[in-house]
Number of protein chains: 2
Amino acid sequence: MTANTLVPVFAALGDETRWSILVALGGGDASASALAGRLPVTRQAIAKHLAVLQQAGLVEPVRVGRELRYRVLGAQLTETARRLDQIGVEWERRLAAIKRIAEGL
Amino acid sequence: MTANTLVPVFAALGDETRWSILVALGGGDASASALAGRLPVTRQAIAKHLAVLQQAGLVEPVRVGRELRYRVLGAQLTETARRLDQIGVEWERRLAAIKRIAEGL
DNA sequence: AGTTAATGCAACTATTTAGTTGCACTAATC
DNA sequence: GATTAGTGCAACTAAATAGTTGCATTAACT
């Protein structure tokens, strides 16, 4: 499921408007049209952002009648966090190792 | 120290070239010139990327003689991961709450 | 069936950004 | 002191991206 490459996820999260969309979605779901009513951008702009978010696996479409709603996938956020943490820890470990060598141990 | 707003950090991490720079730095430190020898981009491009990474608090400059080296701050990565995880968990919690309501409980 | 409200697609603009080349400056080193 | 290796700054190009408007289409509801 989450055989995701990290970079597009970070790229998706690196935009203020997309965060405001995620926040507007909250724990529920909403369509691009509905979101356009709450945010200061057009529906089409929101639709593009939702496409980016979906591509990154951060959001999932749900058909409800004639409207296409989206909901946030919190699991993808925690999964990304897990991997990022692992990378960070690894970096600290390597840095510590190098420091040890530099100190002539 | 890490009174960072998350968005610039994600934006910084949302670029393949910047990851290759982080990887090239590894646990050690290197100057823009040194990195230019290992990566398929010019020194100036790398310098700009390093500026972005520094702005995001992901990298730290270290003066060594006449050269300006940079080293990865793994702590910032783990800190970011911590906050991202928290957000993800919160989202799942809210989603679960809404589901409970939807199921008429 | 006709109207309405939603989505989908396309073209266009403006801004940002990744990358380049070129040059001036400065600090080591021989 | 001359050379060399490194940084800093500036101008420029090309590509990506955020945003817009406009129109066609389609599905729900009276």
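All values below were derived from every heavy atom in this structure, side-chain atoms included, with hydrogens, water molecules and symmetry-related copies excluded. Below, chains carry the letters A, B, ... as their sequence lines are ordered, and counting in each starts from 1.
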For a quick test of reading the model, state the closest non-hydrogen atom pair linking A/L13 to A/W19 and the distance between them.
O-NE1, 2.6 Å
Could you pull out the closest heavy-atom pair between A/L35 and A/A24, with the gap in Å?
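Closest approach of A/L35 to A/A24: CD2-CB, 3.7 Å.
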Can you check the [X] [atom1] to [N] [atom2] distance for me, whole Å?
{"X": "B/I46", "N": "D/dG6", "atom1": "CD1", "atom2": "C1'", "value": "14 Å"}
{"X": "A/L35", "N": "D/dG19", "atom1": "CG", "atom2": "C1'", "value": "16 Å"}
{"X": "A/L68", "N": "C/dC9", "atom1": "CG", "atom2": "P", "value": "11 Å"}
{"X": "B/D29", "N": "D/dG6", "atom1": "CG", "atom2": "P", "value": "14 Å"}
{"X": "B/Y70", "N": "D/dG6", "atom1": "OH", "atom2": "P", "value": "15 Å"}
{"X": "A/E16", "N": "C/dT15", "atom1": "CD", "atom2": "C1'", "value": "16 Å"}
{"X": "B/E67", "N": "D/dT4", "atom1": "CD", "atom2": "P", "value": "19 Å"}
{"X": "B/R69", "N": "D/dT7", "atom1": "CZ", "atom2": "C1'", "value": "14 Å"}

Not counting sequence neighbours, list each pair that qualifies as a side chain to side chain donor-acceptor pair (under 3.5 Å) and has a residue in residues 36-47 of chain B.
none
For A/Y70, does its backbone N or O pair with a side-chain atom of A/E60 as donor and acceptor, under 3.5 Å?
no
Please give the remaining members of the hydrophobic cluster of B/L95, linking ILVMFWY side chains under 4.5 Å, ordered by chain and number.
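Its cluster partners, ordered by chain and number, are none at all.
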Contact state string [nucleotides 18-30 of chain C, B base, S sugar-phosphate only, - no protein heavy atom under 4.0 Å]
SBBBB----BS--
Any chance you could lay out the salt bridge (Lys or Arg N to Asp or Glu O under 4.0 Å) test for A/E16 and A/R18, step after step, and finish with the verdict?
CA-CA 5 Å; A/E16 295 279 4; A/R18 279 193 283 270; over 6 Å; no
